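All chains are named by letter (A, B, ...) in the order of the sequence lines, taking the proteins before the strands, and each is independently numbered beginning at 1. Source: prediction; values computed, not measured.
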There are 4 protein chains.
Amino acid sequence: MLRRIDEALINQANHSLLNELEADYAALGDKLGRQNIDIEAITRSAAEFQIAVPSWGTGTGGTRFARFPGTGEPRNIFEKLEDCAVINELSGCTDSVSPHFPWDKVDDFSELKQTADEYGIKWVSVNSNTFQDQPGQEHSYKYGSLSNTSKEARELAIQHNLDCIGYGQQLGAKSLTVWVGDGSNHPGQQHFQRAFERYLASMEQIYKGLPDDWEMHIEHKMFEPAFYSTIIQDWGSNILAAMQLGPKCKSLVDLGHHAPNTNIEMIVSRLIQFKKLGGFHFNDSKYGDDDLDSGSLHPYQQFLIFNELVDAEYRKEEEFNPAYMLDQSHNVTDPAESLINSAIEVQRSFVKALLVNREALYGYQEDNDALMASLELKNAFNLDVSPILAMARYRKGAAINPLAVYRSSGYRSKMAELRPRDPNATGSGIV
Amino acid sequence: MLRRIDEALINQANHSLLNELEADYAALGDKLGRQNIDIEAITRSAAEFQIAVPSWGTGTGGTRFARFPGTGEPRNIFEKLEDCAVINELSGCTDSVSPHFPWDKVDDFSELKQTADEYGIKWVSVNSNTFQDQPGQEHSYKYGSLSNTSKEARELAIQHNLDCIGYGQQLGAKSLTVWVGDGSNHPGQQHFQRAFERYLASMEQIYKGLPDDWEMHIEHKMFEPAFYSTIIQDWGSNILAAMQLGPKCKSLVDLGHHAPNTNIEMIVSRLIQFKKLGGFHFNDSKYGDDDLDSGSLHPYQQFLIFNELVDAEYRKEEEFNPAYMLDQSHNVTDPAESLINSAIEVQRSFVKALLVNREALYGYQEDNDALMASLELKNAFNLDVSPILAMARYRKGAAINPLAVYRSSGYRSKMAELRPRDPNATGSGIV
Amino acid sequence: MLRRIDEALINQANHSLLNELEADYAALGDKLGRQNIDIEAITRSAAEFQIAVPSWGTGTGGTRFARFPGTGEPRNIFEKLEDCAVINELSGCTDSVSPHFPWDKVDDFSELKQTADEYGIKWVSVNSNTFQDQPGQEHSYKYGSLSNTSKEARELAIQHNLDCIGYGQQLGAKSLTVWVGDGSNHPGQQHFQRAFERYLASMEQIYKGLPDDWEMHIEHKMFEPAFYSTIIQDWGSNILAAMQLGPKCKSLVDLGHHAPNTNIEMIVSRLIQFKKLGGFHFNDSKYGDDDLDSGSLHPYQQFLIFNELVDAEYRKEEEFNPAYMLDQSHNVTDPAESLINSAIEVQRSFVKALLVNREALYGYQEDNDALMASLELKNAFNLDVSPILAMARYRKGAAINPLAVYRSSGYRSKMAELRPRDPNATGSGIV
Amino acid sequence: MLRRIDEALINQANHSLLNELEADYAALGDKLGRQNIDIEAITRSAAEFQIAVPSWGTGTGGTRFARFPGTGEPRNIFEKLEDCAVINELSGCTDSVSPHFPWDKVDDFSELKQTADEYGIKWVSVNSNTFQDQPGQEHSYKYGSLSNTSKEARELAIQHNLDCIGYGQQLGAKSLTVWVGDGSNHPGQQHFQRAFERYLASMEQIYKGLPDDWEMHIEHKMFEPAFYSTIIQDWGSNILAAMQLGPKCKSLVDLGHHAPNTNIEMIVSRLIQFKKLGGFHFNDSKYGDDDLDSGSLHPYQQFLIFNELVDAEYRKEEEFNPAYMLDQSHNVTDPAESLINSAIEVQRSFVKALLVNREALYGYQEDNDALMASLELKNAFNLDVSPILAMARYRKGAAINPLAVYRSSGYRSKMAELRPRDPNATGSGIV
């Protein structure tokens with residue numbers, strides 16, 4: 001296996017932390033044992049948990065006001081892949097990458113796939129981009145893509161999505177994620193119903209081009225880039241579109257794409273119930289689509305979402321197989337560091353949700369014992385599962401303390417030398 | 001026809017205002033004429049517009065902190081009906097009342113219906129109440145009604161809804177509005193999916209009891225009385241439930257029941273498109289379910305909602321026949337005054353929406369001429385249609401200036417004498 | 001000391017849990033020791049931490065739609081005090097009660113004080129009530145209290161506050177908390193500036209009546225019961241009023257009284273900086289002033305608030321001595337259980353904030369190492385400090401598992417017998 | 001006077017509309033006359049009303065996802081000025097421009113001033129830019145400007161602001177507007193208090209450099225570009241900073257910079273009361289800082305803000321002299337068209353607010369006649385004052401229908417020829 005971080009460096013760092021980890025792990029094992037939870041089973045599940053990294057997340061993000069790039073940023077998909085390998089080698093839980101086209105388009109996809117294979121990285125959901133015009137593009141997306149009143153613009157957007165499927169097939173991906181910025185800034189600018197009908201008609205064309213073993217995921221978003229109305233503004237429009245398009249179309253939840261105060265875990269439950277939960281874009285937010293690090297502001301909300309996911313798994317809910325991905329904008333941190341840490345934070349929520357005694361919870365729910373029900377969740381959340389996460393990493397050769405190893409590796413400063421800034425670099429940092 | 005306000009009083013007041021009204025009406029007619037709009041056609045439509053009054057809105061509202069009752073409040077459904085008659089006699093646009101049970105339950109519904117008939121008042125959508133326990137109720141709704149884990153509580157709630165249909169049939173109503181406060185205050189308290197399944201199963205029982213020519217309307221609400229999750233929390237859950245229950249079940253939109261920043265007119269469009277718009281509860285709000293007077297804070301939003309409604313009518317959208325109702329809490333005003341004024345404000349939005357040149361608008365939309373499209377709406381909104389509203393009232397014998405007549409009639413102070421406060425008065429002012 | 005829960009019951013329950021607690025405590029002590037944190041010092045601080053219980057929180061809360069009372073509810077301040085004693089005996093961290101007048105008014109305050117003394121309960125901040133009319137009240141607060149346009153109503157409200165100070169003096173309290181619901185439901189109803197001027201003039205009268213060693217705390221709230229404008233709508237109006245009134249007047253922060261998305265910990269910092277942080281009403285909320293159990297939804301936000309408080313303490317910030325109180329509405333749980341659990345959740349946030357290495361944090365902040373700074377906080381939050389909290393309770397004779405002891409004590413069912421429902425019971429459950 | 005739009009074109013267009021305008025104006029005059037309002041006095045006030053155009057608003061705006069530029073966009077301050085002249089010639093109410101540095105920096109400010117003089121355009125508040133790094137900038141603003149932990153970065157930002165004052169003096173401006181994006185994306189990243197202290201210390205340096213007859217305006221904003229905390233996050237921090245800095249420092253209100261549901265008109269009242277209202281950035285928004293066209297979504301809110309302003313004027317409030325400016329991002333319209341229309345929409349709110357009978361309103365407020373008070377405002381808002389606005393334009397030689405004249409002038413297509421796209425164009429379209 002090709003590696004970007006020296007195994008010896010990891011081993012050495014792990015060696016110095018192992019005794020303490022084992023002590024903490026043993027103590028936690030005892031504690032969980034008293035609750036009849038087998039820590040080893042939990043650690044195995046933790047080790048199996050994987051979440052995809054978005055290729056574009058490896059570059060510094062920005063806002064409409066400014067972007068303050070870091071040094072050593074990746075300038076193309078091969079360099080992004082390199083960073084993704086680093087993230088996976090250290091975190092042990094990010095063995096796949098989600099590409100974005102045309103940003104990540106290459107002439108020879110087999111070469112790209114082979115490189116990824118060598119890193120042990122898989123390709124997952126392919127993202128199309130119809131929210132920007134590309135140089136020389138004949139029909140602009142200024143007034144929309146799949147829902148544009150212009151047939152030519154719509155056809156361009158449809159074809160681009162079909163192309164993305166083709167690229168994805170070459171990479172071994174199995175799903176297409178469709179997010180469009182279509183909408184309006186002025187009351188009256190767009191006829192809501194006609195625009196949605198055009199969107200659905202375009203999506204049907206794309207759906208027809210979907211290979212049999214593929215899924216299509218629709219992403220809703222309340223606002224931005226459109227500031228009055230957005231075509232798929234919420235999970236309601238999302239699921240209605242997915243139902244109309246067919247069984248291979250499902251809904252994708254980005255945590256930052258909802259109205260203030262929305263109960264997102266309840267939306268997750270509804271999508272599970274109606275067999276339409278396709279996947280997630282994990283991040284955190286306080287105001288809008290802030291794309292902050294996952295769990296950095298609302299760790300309990302993230303846990304409650306995983307409570308729904310683990311519960312569905314426990315209940316053996318049908319057609320339940322959501323895709324997990326990070327989708328963040330790293331404006332003030334080293335993107336690799338944020339991605340490593342965020343992947344682990346999502347994994348942390350998953351592991352805590354595993355600790356809930358579901359039968360006890362169901363009992364409290366049945367009895368309307370609201371306080372004990374809430375404590376069944378809260379007690380699991382309050383446990384410090386860091387030793388489980390660290391042990392899972394250790395056992396698969398990743399780092400007990402990934403950020404410390406990353407920093408000591410000097411990876412970023414090496415890259416700063418190897419990757420001088422390129423003004424034509426593609427598509428990093430926008431989410 | 002039985003009346004509560006002396007016709008002579010109205011005629012006298014109208015007489016003194018008629019000259020000025022005719023001058024304003026003529027000037028507006030000229031102005032509209034230049035846009036090829038026939039003011040007489042608009043005035044006829046205005047005169048036909050009717051919106052229902054909720055029986056419970058005739059009493060002073062309150063909050064969990066306090067209620068400051070006014071004087072002369074109605075103490076039972078006959079007195080509420082009396083106030084509704086006053087409102088309709090003066091406004092000319094509220095010829096129906098929506099009752100709430102058990103608050104408005106009487107022993108002899110034929111007597112109630114006959115009284116209403118004499119006032120020229122029809123009965124529209126019947127509201128069930130499963131958010132409160134009634135004295136001596138055997139199974140509490142504390143932990144839910146239609147979704148309660150207790151079979152007995154669910155059956156009580158189902159039966160109450162079936163009873164409501166029965167009451168409504170005696171009154172000549174044709175629809176049942178179901179709003180439940182079911183939900184939870186703690187993460188974990190309720191299993192989202194199981195609770196929703198119980199709700200749907202209960203609703204199926206009610207749906208089966210629906211007469212052939214009836215509709216059932218589901219009302220969604222983001223929060224309150226439940227503060228963590230609500231069973232029908234938004235239009236997504238609402239329409240999914242309505243779709244599952246069948247063609248006689250539709251969704252009802254209360255303007256104050258959405259997340260902050262929600263584009264409500266877009267939800268209205270979606271419900272029209274999927275043939276599930278059942279009706280409205282009109283009011284206004286700034287923070288939550290504030291139940292303020294319709295159009296008192298966001299008149300342009302109310303206009304944009306009517307823009308969707310008039311557009312659907314114009315496009316002859318199928319299965320489009322929404323019910324209009326006020327649903328407000330009058331904490332600091334005389335409820336009759338607020339209801340008169342609010343009905344007219346809703347009518348105002350309807351009339352302004354009629355003035356939009358739809359073909360011109362469609363053209364701007366097709367051309368992505370965002371500014372002209374927005375101005376096509378805004379210019380209609382900016383017109384002062386007060387003379388049309390006043391003329392429509394005048395021609396049907398209602399008051400040109402309803403509030404002035406109401407005050408000069410001394411109705412409320414007379415009622416203060418006739419209706420001494422009754423601590424056992426039923427169900428005014430909450431919702 | 002008078003007790004409501006048998007010490008033997010607590011001791012017996014503690015005895016069976018002690019071994020496990022000691023094991024967990026030792027493991028955590030080792031872990032903290034590696035970070036040079038002395039667990040014993042932390043446990044001592046935990047044991048010293050106290051938060052007041054609001055007298056009215058001991059009854060079941062409700063909404064404007066309904067209240068579903070539990071059994072055995074306290075019917076007067078003596079019975080509320082009894083419940084508060086239970087809460088403190090089990091939690092070990094609620095040794096004071098905050099009364100509310102006129103709800104808790106008694107003829108003989110010395111008797112009330114003596115009873116509290118026997119329970120080891122102190123009286124803290126006195127709350128006035130000018131958001132309700134009392135039976136026979138001559139001038140209504142319907143249109144406001146301290147800011148009413150009616151001089152008579154204002155004077156009534158001023159005098160009530162002065163009376164509250166008098167009651168508090170008899171009980172040994174040292175502060176008055178002023179929350180008013182004054183505001184408006186309609187644009188134009190109130191002249192914003194004149195209303196605020198009347199409020200300030202009234203508050204000056206109250207301020208003059210404040211004993212030298214007392215403080216006055218102003219509580220802001222965005223909305224409810226007023227739904228368009230509220231006189232002290234946010235911390236901006238709050239601090240301006242407090243600055244104008246004088247050094248004995250400070251601002252109080254209720255966590256549920258802010259606009260959606262507000263960064264509350266930043267407001268706490270600003271109030272500390274300007275020496276105007278008077279205290280807190282702790283609770284949690286998702287939508288509005290939901291008054292849910294503290295930390296039940298946003299435990300990390302609660303931690304971040306304590307991060308500011310512990311930081312101010314660490315920096316020896318002047319005039320920093322905030323009062324801590326719970327202020328919750330328990331609609332679906334036994335209030336005593338919620339209060340016990342909430343007090344401990346607040347204590348948990350305090351203890352976690354103590355674990356932050358402040359000098360390390362300052363270093364990261366100075367270096368703009370955003371990720372490490374955020375992890376310095378997150379790592380402290382991720383630690384499970386339950387053993388510290390439990391040990392602090394154990395050592396002072398409270399319960400290792402307070403809820404289990406409470407339930408096994410049968411306290412509530414005994415009260416159900418001793419306290420038959422009284423329709424004239426005063427002021428429980430409204431917050 | 002130098003002109004960009006041929007006067008003959010305007011005159012010809014006006015000529016064809018004059019008869020109808022005179023008829024509408026006469027009808028409105030009669031109507032107002034009945035209320036004892038002299039339409040001529042109102043029209044004179046309307047004609048005097050002026051609002052500044054932001055130089056950067058003349059280019060197409062964008063989002064972090066994309067910018068879709070239009071044709072013929074201005075490429076430097078001289079071309080922006082040209083567009084501003086067009087806007088003023090047609091609207092008659094935008095006789096000043098607010099520049100932004102370094103975007104609008106020129107070598108010879110006297111030439112720029114002279115050009116503006118020839119167009120009859122004045123220069124108003126100068127905007128500094130410390131939210132972007134300029135090419136070759138030695139110390140980055142990535143982690144803040146005036147509050148940066150780096151002394152060098154702070155000094156750079158201070159000096160830039162002092163430079164801006166110097167540029168403004170050469171142009172005849174009299175105020176400096178300071179908006180900084182400083183804040184943090186992660187809890188812990190920034191020490192709230194220390195950062196605010198650094199900000200205040202930096203601002204003191206700038207304040208010292210302010211000429212005697214200048215003002216400094218602080219702009220608050222809830223979020224963006226910082227997504228966890230912002231240094232001047234709301235009017236509370238804003239006014240505290242302004243009070244600390246001194247009498248020449250005031251607060252500026254941008255309508256899109258508040259938390260959801262905030263009552264902005266109340267904040268305006270508070271700033272007036274405490275003599276700290278410096279000015280406005282007008283725009284409209286639904287979700288965040290959407291920077292949509294003024295009054296395009298919430299025209300009644302805009303009216304209520306002007307109700308406060310006109311009321312302060314009426315009451316001869318001291319130190320009341322706010323600056324009015326548009327601040328919008330035109331992503332899908334021709335910026336000149338949006339600016340023309342928005343200026344008139346703001347003017348419309350001003351004129352409607354003049355029609356309120358203040359003494360009647362005060363009477364209703366004193367009597368707590370909430371409904372009549374609200375109608376006093378609503379009735380003024382419901383009047384169609386378009387004829388007054390059009391007549392004010394006509395009488396000063398501007399266009400009765402400015403957008404029609406603009407389109408018939410072919411200005412933009414001429415510019416498309418004269419202004420080929422320049423990749424080095426400065427600072428259009430970001431707000």
What one should report as the nearest heavy-atom pair of A:S296 and D:P187 is O-CG, 3.7 Å
For D:Q189 and A:V332 the tightest heavy-atom approach is OE1-CG2, 3.9 Å
side-chain contact (heavy atoms from CB on, under 4.5 Å), paired with A:H186, selected from D:D293, D:L297, D:L292: D:D293
Under 4.5 Å to a heavy atom of chain A? For D:P225 that would be both
Pairwise distance CG(A:N185) to CG(D:D290) - rounded to 0.5 angstrom: 8.0 Å
With a 4.5 Å cut-off on side-chain heavy atoms, are D:K286 and A:F223 touching? no
Which class fits the ring pair D:F65 and A:F131: parallel under 30°, tilted 30 to 60°, perpendicular over 60°? perpendicular
Sub-4.5 Å side-chain heavy-atom contact between D:F227 and A:D291: no
Say whether, by atom type as modelled, one donor and one acceptor occur between the side chain of D:Y287 and the main chain of A:A226 under 3.5 angstrom. no
Check whether A:Y141 gets within reach of chain D through its side chain, its backbone, both or neither, counting any heavy atom under 4.5 Å. both
Could you tell me which non-hydrogen atom of D:R64 sits nearest to which non-hydrogen atom of A:D289, and how far apart they are? NH2-OD2, 2.9 Å
Side chain, backbone, both or neither: which part of D:E224 has a non-hydrogen atom closer than 4.5 Å to chain A? both
Quick one: closest heavy-atom pair of A:T60 and D:K142, and the distance? CG2-NZ, 4.3 Å
